[in-house]
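These numbers were taken from a predicted model, which means no experiment stands behind them.
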Amino acid sequence: MKIIVAPDYVEFSGWFHDIIQNFYEKEGEVLWNGRNVIKRFEIDGKSFVVKKYKRANLVQRVVYTLFKKSKARRAFEFAEEYRRLGIDTPRQVAYVEQKEAGFFTIGYFIAENCAKPGILELLPRDSDGEDEFDNDAARAIAAEICKLHRMGVVHGDLNLSNFLYERDEKGEFHFTLIDINRTKFYTPNRKQCAVNLARVTHNREQLEFIVREYCAIRKWEFEPFYAEVYATLRHRERQKSFKRFIRNGFKH
């Protein structure tokens, strides 16, 4: 097992090793339990979030051992790069890579806990009209995504659940981005911007509003650009529906 701990947190190395070795037995608050598992732990008055990534399949074991950095390592390294660029994300604390027979199997990423609320409380997935979500929040999201693209940051999982926020005394939004391990660092062209924006939400009203605001900032014509975003979204939805149909078919 390989553990890399950020210099400011070396004193907690023993705790982290123990948590990883006994991840499910250790007391902690489960924040998410799905393909990946996320738990929050309190250690000596500090709050840490530990994300356990899904066990790698056979192909991924080879890829993450020989050709590509693990998700845990990317999350750790990208967090430092985000803050270097002035983009807020929870401070990276450590990452862990476990191997079997010399091949990568499971990764863990540890970060400081961020107690900020998620923007989904203002932009719920199931709202059906513009008057049912916070327009100011949607405008702020559009501006944040525009800022990322102009800085050469393409968040690979750009959905609303990965935006935490706070508002200052003037009511302005400030975001903290999470789940950044799939980020690509390059300046996207128009087509790549459209593809990335299609990940934001499946809610048509919200997506149209956000894309319209994004286009206003970039001084791009809305209709043809939104057509690209929408076409990408529909393609992904059809793919997801087909995969679900295939999985359900095998189950029965």
Side-chain angles (χ1 to χ4, degrees), residues 1-85 87-116 118 148 153-159 161-164 175-185 199:
M1 182 168 66
K2 171 185 174 183
I3 301 181
I4 301 297
V5 182
D8 291 343
Y9 304 92
V10 171
E11 63 185 288
F12 297 100
S13 296
W15 284 94
F16 298 150
H17 188 279
D18 188 38
I19 286 173
I20 298 304
Q21 293 283 52
N22 304 281
F23 183 73
Y24 290 104
E25 290 76 22
K26 281 287 185 180
E27 289 188 11
E29 181 184 0
V30 178
L31 303 179
W32 181 259
N33 189 1
R35 180 179 59 180
N36 306 313
V37 181
I38 303 174
K39 295 181 71 175
R40 179 166 57 217
F41 297 92
E42 302 293 330
I43 304 173
D44 290 351
K46 288 188 174 292
S47 182
F48 298 102
V49 170
V50 182
K51 182 173 185 177
K52 176 183 179 292
Y53 292 93
K54 180 183 177 182
R55 186 181 184 87
N57 59 36
L58 291 176
V59 174
Q60 290 169 334
R61 292 184 188 190
V62 174
V63 171
Y64 289 143
T65 301
L66 302 177
F67 305 108
K68 191 175 182 179
K69 295 178 181 179
S70 70
K71 293 180 180 179
R73 180 175 176 180
R74 278 180 278 149
F76 183 89
E77 294 179 352
F78 290 174
E80 183 174 7
E81 179 64 10
Y82 264 55
R83 280 196 309 282
R84 187 188 71 79
L85 293 170
I87 306 167
D88 194 42
T89 190
R91 184 170 293 277
Q92 78 279 10
V93 172
Y95 75 90
V96 179
E97 295 178 338
Q98 292 182 330
K99 293 184 177 182
E100 294 177 8
F103 286 90
F104 173 89
T105 53
I106 302 174
Y108 296 81
F109 173 59
I110 304 174
E112 283 190 355
N113 178 51
C114 178
K116 298 175 184 177
L148 293 174
V153 177
V154 180
H155 192 302
D157 194 7
L158 193 74
N159 67 76
S161 62
N162 289 327
F163 288 81
L164 310 182
F175 294 105
T176 297
L177 274 63
I178 60 174
D179 204 6
I180 63 173
N181 65 276
R182 293 172 61 193
T183 297
K184 302 292 184 183
F185 296 96
R199 295 184 175 276

Engineer: Please tell me if the side chains of Val93 and Phe12 come closer than 4.5 Å, counting only heavy atoms from C-beta onward.
Structural biologist: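 Counting from C-beta outward, Val93 and Phe12 never come under 4.5 Å.
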
Engineer: Identify the two heavy atoms, one from Ser47 and one from Glu42, that lie closest to each other, and give their separation to 0.1 Å.
Structural biologist: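 That would be OG-OE2, 3.0 Å.
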
Engineer: Is there a donor-acceptor contact under 3.5 Å from the side chain of Thr176 to the main chain of Asp88?
Structural biologist: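 Side chain of Thr176 to backbone of Asp88, a donor-acceptor pair under 3.5 Å: no, none is there.
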
Engineer: Within this structure, what is the CD-CD distance for the pair Glu81 and Gln92, rounded to the nearest 0.5 Å?
Structural biologist: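 Here the interatomic distance stands at 11.0 Å.
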
Engineer: Taking atom types as modelled, is there a side-chain donor on Tyr82 or Thr183 under 3.5 Å from an acceptor on the other?
Structural biologist: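 The criterion, which ignores hydrogens and geometry beyond distance, is satisfied for Thr183 and Tyr82.
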
Engineer: Hey, does Val62 have a side-chain heavy atom less than 4.5 Å from the side chain of Phe67?
Structural biologist: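 A side-chain contact exists here, since the closest heavy-atom pair is under 4.5 Å.
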
Engineer: To check you understand the geometry: which heavy-atom pair defines the closest contact between Ser13 and Val10, and what is its length?
Structural biologist: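 Heavy-atom minimum between the residues: OG-O, 2.7 Å.
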
Engineer: Any side-chain heavy-atom pair from Arg55 and Arg61 closer than 4.5 angstrom?
Structural biologist: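 Arg55 vs Arg61: side chains touch.
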
Engineer: Can you tell me how far the CG atom of Asn181 sits from the NZ atom of Lys69, to the nearest 0.5 Å?
Structural biologist: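 Answer rounded to 0.5 Å: 12.5 Å.
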
Engineer: When the aromatic ring centroids of Phe16 and Tyr108 are compared, is their separation below 6.0 Å?
Structural biologist: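 Between Phe16 and Tyr108, the centre distance exceeds or equals 6.0 Å.
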
Engineer: Quick check against the 3.5 Å criterion: does Lys51 have a side-chain atom that pairs as donor or acceptor with the backbone of Asn36?
Structural biologist: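 Side chain of Lys51 to backbone of Asn36: no pair is present.
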
Engineer: Looking at OG of Ser70 and CD of Glu77, how far apart are the two atoms once the value is rounded to the nearest 0.5 Å?
Structural biologist: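 The CD atom of Glu77 is 8.5 Å from OG of Ser70, to the nearest 0.5 Å.
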
Engineer: Could you report the tightest heavy-atom contact between Pro90 and Cys114, atom names first, then the distance?
Structural biologist: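 The pair with the smallest heavy-atom distance is CG-CB, 4.0 Å.
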
Engineer: To the nearest 0.5 Å, tell me how far Lys68 NZ sits from Gln60 CD.
Structural biologist: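 CD of Gln60 is found 9.0 Å from NZ of Lys68.
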
Engineer: Side chain to side chain contact (heavy atoms under 4.5 Å, CB included) for Phe185 and Leu85? Distances and angles first, verdict last.
Structural biologist: CA-CA 11 Å; Phe185 296 96; Leu85 293 170; 4.2 Å; yes

Engineer: Begin with the C-alpha distance, continue with both residues' side-chain angles, and end with the deciding distance and a verdict on side chain to side chain contact (heavy atoms under 4.5 Å, CB included) for Val50 and Ile20.
Structural biologist: CA-CA 9 Å; Val50 182; Ile20 298 304; 4.1 Å; yes

Engineer: Measure the OG1-OH distance between Thr105 and Tyr64 for me, rounded to the nearest 0.5 Å.
Structural biologist: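 Rounded to the nearest 0.5 Å, the OG1-OH separation comes out at 12.5 Å.
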
Engineer: Identify the two heavy atoms, one from His155 and one from Asp157, that lie closest to each other, and give their separation to 0.1 Å.
Structural biologist: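 Scanning both residues, the minimum pair turns out to be ND1-N, 3.0 Å.
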
Engineer: Tell me the closest heavy-atom pair linking Phe48 and Ile43, and the distance in Å.
Structural biologist: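 Nearest pair, atom of Phe48 first, then Ile43: CD1-CD1, 3.9 Å.
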
Engineer: Distance check, rounded to the nearest 0.5 Å: Lys99 atom NZ versus Thr65 atom OG1?
Structural biologist: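 Rounded to the nearest 0.5 Å, the NZ-OG1 separation comes out at 5.5 Å.
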
Engineer: For a quick test of reading the model, state the closest non-hydrogen atom pair linking His17 to Ile3 and the distance between them.
Structural biologist: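 It is CD2-CD1, 3.6 Å.
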
Engineer: Run the side chain to side chain contact (heavy atoms under 4.5 Å, CB included) test on Lys39 and Phe23 for me, step by step, so that the C-alpha distance in whole Å, both residues' side-chain angles and the decisive distance to 0.1 Å come before the verdict.
Structural biologist: CA-CA 9 Å; Lys39 295 181 71 175; Phe23 183 73; 3.6 Å; yes

Engineer: Begin from the C-alpha positions of Lys2 and Tyr95 and carry the test side chain to side chain contact (heavy atoms under 4.5 Å, CB included) through to its verdict.
Structural biologist: CA-CA 8 Å; Lys2 171 185 174 183; Tyr95 75 90; 3.7 Å; yes

Engineer: Can you check whether Lys116 reaches Phe175 side chain to side chain, under 4.5 Å on heavy atoms?
Structural biologist: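 A side-chain contact is absent here, since even the closest heavy-atom pair is not under 4.5 Å.
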
Engineer: For Glu25, I'd like to know if atom CD has over 12 heavy atoms of other residues, nucleotides or ligands within 6.0 Å.
Structural biologist: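 More than 12 within 6.0 Å, yes.
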
Engineer: With a 3.5 Å cut-off and no angle check, do the side chains of Tyr9 and Glu112 form a donor-acceptor pair?
Structural biologist: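 Yes, Glu112 and Tyr9 have a side-chain donor paired with an acceptor closer than 3.5 Å.
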
Engineer: For Arg91, does the CZ atom sit with more than 12 other heavy atoms under 6.0 Å from it, leaving out its own atoms?
Structural biologist: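 Open: at most 12 neighbouring heavy atoms sit under 6.0 Å from CZ of Arg91.
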
Engineer: In this structure, which one of Ile180, Leu177, Thr89 forms a side-chain contact (heavy atoms from CB on, under 4.5 Å) with Phe78?
Structural biologist: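 One option only clears the test, and that one is Ile180.
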
